[in-house]
Asks: 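Following this message is one structure expressed as C-alpha cells.
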Amino acid sequence: MEDWGERDPRWAGIRTEWLEVQGTRVRTLRHDGPATGIPQLLVHGLGGSSTNWLEVMGELSAYGPVLAMDLPGFGLTAPPVTNGSRVRPNARFISALCEVVGWDRVVLYGNSMGGLISTLVAGHRQDLVSRLILVNPGLPAPRRHAHRIPPMALLRFAPFVSQRLGTLALERMYDRLTPERVYRETVNLVYADPDKLREPLREVAIENVARATELDWRID
C-alpha cells in the first residue's frame, strides 16, 4: 500500500489499493470520508490514470469516501482482453467495480474520455449514479463544429482511428522522445497554462510516462 501523503502533504490520506474486478487486477487510489456521505467515484481521461485526480481527492473526501481507478488499458491496469480499453467495456467496468467495493449509489465524476464513459454509465445505471459531474467531457459534437478542433489536437489523435497506426505512433513517440518531452507536449496541448501545475504532480506525470514504456501491453 502506498501512502501518497509521503510524497506531498496535500495528498495526505490518499492510499493505493489493488482490487480484482472482472478478473483484472486494478490499481485504485482511495481516500476515506464520512461514512454517511455518498461515495465519490472519479474517472480519468484518454491516456490518463488515477493519479490525474490527486489534487482534488482530499477536498472531495469531505463529502464521502473517494475512489479513483486506472481504467483497463490505462495506468497500471492491463486490458483484460483485446479492445478491452474501449469506451463501452469501460462503462461496464465502472458498474462492476462499484459492485466489488459495495457501492450502490455514487457521485460520478468524469474528465475527457472519462466524461463520455461516465455519461454512458449514468444513462444505463440511473439507480447507481446519484449525480454526474463532467470536467471537459469528450462528448460527440455536431459535425458543423469540427472546424473548431485545434489542428495540433487533430495531428496528435488522428493516428488512433486505426489500431495499427495508433500502435506505430506510440512506438515512435516513445523511441523519439524522453518522458519529460512527452509530458511537456501533452500538457501544452491540454492545459491553458501548464506552468501552474505543481512540481509534485509534474513528477508523477513524468513517472507515469516512463513506466508506460516498460509495459508491453501499452503499445501491443
Side-chain angles (χ1 to χ4, degrees), residues 1-8 10-32 39-58 60 65-87 89-101 103 108-114 117-118 121 160 163 166-167 169-171 173-175 177-180 182-183 186-187 190 197 200-220:
M1 181 182 298
E2 182 175 7
D3 179 359
W4 287 85
E6 295 177 358
R7 297 197 59 160
D8 188 86
R10 183 165 178 171
W11 302 339
I14 301 174
R15 63 190 184 277
T16 298
E17 291 187 5
W18 291 85
L19 300 175
E20 190 83 12
V21 182
Q22 296 180 325
T24 298
R25 191 167 183 258
V26 178
R27 182 179 71 165
T28 69
L29 303 187
R30 304 188 71 168
H31 196 303
D32 295 329
Q40 319 284 303
L41 185 61
L42 316 178
V43 188
H44 65 76
L46 182 66
S49 73
S50 54
T51 58
N52 292 161
W53 299 99
L54 280 168
E55 296 283 68
V56 300
M57 292 183 69
L60 291 178
V66 184
L67 185 151
M69 84 298 293
D70 290 354
L71 290 167
F74 298 92
L76 300 183
T77 302
V81 295
T82 301
N83 296 331
S85 59
R86 290 180 179 269
V87 169
N90 273 332
R92 293 191 290 270
F93 165 84
I94 295 296
S95 296
L97 181 143
C98 288
E99 291 182 11
V100 169
V101 297
W103 290 351
L108 191 59
Y109 298 73
N111 167 237
S112 190
M113 178 195 72
I117 293 172
S118 298
V121 175
F160 298 98
Q163 182 174 343
T167 298
L170 283 177
E171 289 176 341
M173 180 177 68
Y174 289 146
D175 289 341
L177 304 177
T178 64
E180 290 81 2
V182 173
Y183 162 80
T186 301
V187 297
V190 300
L197 293 173
L201 193 62
R202 187 188 76 87
E203 292 175 357
V204 170
I206 292 174
E207 289 173 12
N208 287 342
V209 175
R211 191 174 291 166
T213 66
E214 303 170 356
L215 300 172
D216 291 340
W217 53 265
R218 290 290 293 269
I219 57 176
D220 283 349

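Below, all heavy atoms of this structure are taken into account, side chains as well, without hydrogens, waters or symmetry copies.
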Asks: Decide yes or no for Leu97 and Phe93: does some side-chain heavy atom of the first lie under 4.5 Å from some side-chain heavy atom of the second?
Replies: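 Heavy-atom side-chain distance check passes, below 4.5 Å.
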Asks: Does the side chain of Asn111 reach to within under 4.5 Å of the side chain of Trp53, using non-hydrogen atoms?
Replies: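 Yes; the side chains approach each other to less than 4.5 Å.
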Asks: What is the distance from atom CH2 of Trp18 to atom CZ of Arg27, rounded to the nearest 0.5 Å?
Replies: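 Answer for the CH2-CZ pair, Trp18 versus Arg27, is 6.5 Å.
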Asks: Apply side chain to side chain contact (heavy atoms under 4.5 Å, CB included) to Thr28 and list each qualifying residue two or more places apart in sequence or on a separate chain.
Replies: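 Counting only residues at least two positions away or on another chain, Thr28 forms a side chain to side chain contact (heavy atoms under 4.5 Å, CB included) with Glu17, Leu19, Val26, Arg30, Leu67, Met69.
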Asks: Rounded to the nearest 0.5 Å, how far does CG of Leu54 lie from NE2 of His31?
Replies: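 One finds 10.5 Å between NE2 of His31 and CG of Leu54.
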Asks: Taking all atoms of both residues into account, what is the closest heavy-atom pair of Ser118 and Gly110, and its distance?
Replies: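 Result for this residue pair: OG-CA, 3.6 Å.
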Asks: Using the rule side-chain contact (heavy atoms from CB on, under 4.5 Å), only one of Leu41, Leu60, Val43 pairs with Tyr109; which is it?
Replies: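 For Tyr109, the side-chain contact (heavy atoms from CB on, under 4.5 Å) check succeeds only for Leu60.
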Asks: Once side chain to side chain contact (heavy atoms under 4.5 Å, CB included) is applied, do any residues pair with Ala96, and if so which ones, sequence neighbours excluded?
Replies: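 Val21, Gln22.
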Asks: Return yes if some donor-acceptor pair links the side-chain N/O of Thr77 with the main-chain N/O of Gly73 below 3.5 Å, else return no.
Replies: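 Between the backbone of Gly73 and the side chain of Thr77 there is no qualifying donor-acceptor contact (under 3.5 Å).
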Asks: Met113 and Leu46: which non-hydrogen atoms are nearest, and at how many Å?
Replies: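 Heavy atoms of Met113 and Leu46 come nearest at CB-N, 3.5 Å.
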Asks: Report the C-alpha distance between Asp32 and Val66 in whole Å, list the side-chain angles of each, state the deciding distance to 0.1 Å, and finish with yes or no for side-chain contact (heavy atoms from CB on, under 4.5 Å).
Replies: CA-CA 6 Å; Asp32 295 329; Val66 184; over 6 Å; no
Asks: Check the pair Glu6 / Trp11 against side chain to side chain donor-acceptor pair (under 3.5 Å), numbers first and verdict last.
Replies: CA-CA 8 Å; Glu6 295 177 358; Trp11 302 339; over 6 Å; no
Asks: Quick check against the 3.5 Å criterion: does Asn52 have a side-chain atom that pairs as donor or acceptor with the backbone of Ser49?
Replies: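 Judged by distance alone, yes, a pair lies under 3.5 Å.
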Asks: Under the rule for side chain to side chain contact (heavy atoms under 4.5 Å, CB included), what residues qualify as partners of Glu207, not counting sequence neighbours?
Replies: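 Only Arg7 meet the side chain to side chain contact (heavy atoms under 4.5 Å, CB included) criterion with Glu207.
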Asks: Looking only at heavy atoms, what is the nearest atom pair of Val209 and Pro179, with distance?
Replies: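 For Val209 and Pro179, the tightest heavy-atom pair comes out as CG1-CA, 3.8 Å.
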Asks: What are the two closest heavy atoms between Trp103 and Gln40, and how far apart are they?
Replies: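 Distance-wise, the nearest heavy atoms are CZ3-O, 4.3 Å.
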Asks: I need the Ile206 CD1 to Thr178 OG1 distance, nearest 0.5 Å.
Replies: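 So the gap between those two atoms works out to 8.0 Å.
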Asks: Between His44 and Phe74 (side chain of the first, backbone of the second, donor and acceptor by atom type, cut-off under 3.5 Å), is there such a pair?
Replies: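 Absent.
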Asks: As an exercise, state the distance from CG of Asp70 to CG of Leu29, rounded to the nearest 0.5 Å.
Replies: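 Here the rounded value is 7.0 Å.
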Asks: Quick one: CD1 on Ile94 to CG on Leu108, what's the gap to the nearest 0.5 Å?
Replies: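 Going from the CD1 atom of Ile94 to the CG atom of Leu108 covers 6.5 Å.
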Asks: Go through the steps to decide whether Glu2 and Arg15 satisfy the test side-chain contact (heavy atoms from CB on, under 4.5 Å), and finish with yes or no.
Replies: CA-CA 5 Å; Glu2 182 175 7; Arg15 63 190 184 277; over 6 Å; no
Asks: What are the two closest non-hydrogen atoms of Val121 and Ala91, and how far apart are they?
Replies: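 Heavy atoms of Val121 and Ala91 come nearest at CG2-O, 3.5 Å.
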Asks: Compare every heavy atom of Leu201 with every heavy atom of Leu197, then report the nearest pair and how far apart it is.
Replies: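 So the two residues come closest at CD2-CD2, 4.2 Å.
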Asks: Does the side-chain contact (heavy atoms from CB on, under 4.5 Å) test come out yes or no for Thr51 and Trp4, once each step is laid out?
Replies: CA-CA 10 Å; Thr51 58; Trp4 287 85; 3.8 Å; yes
Asks: To the nearest 0.5 Å, what is the distance between CZ (Arg10) and CE (Met57)?
Replies: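 CE of Met57 is found 13.0 Å from CZ of Arg10.
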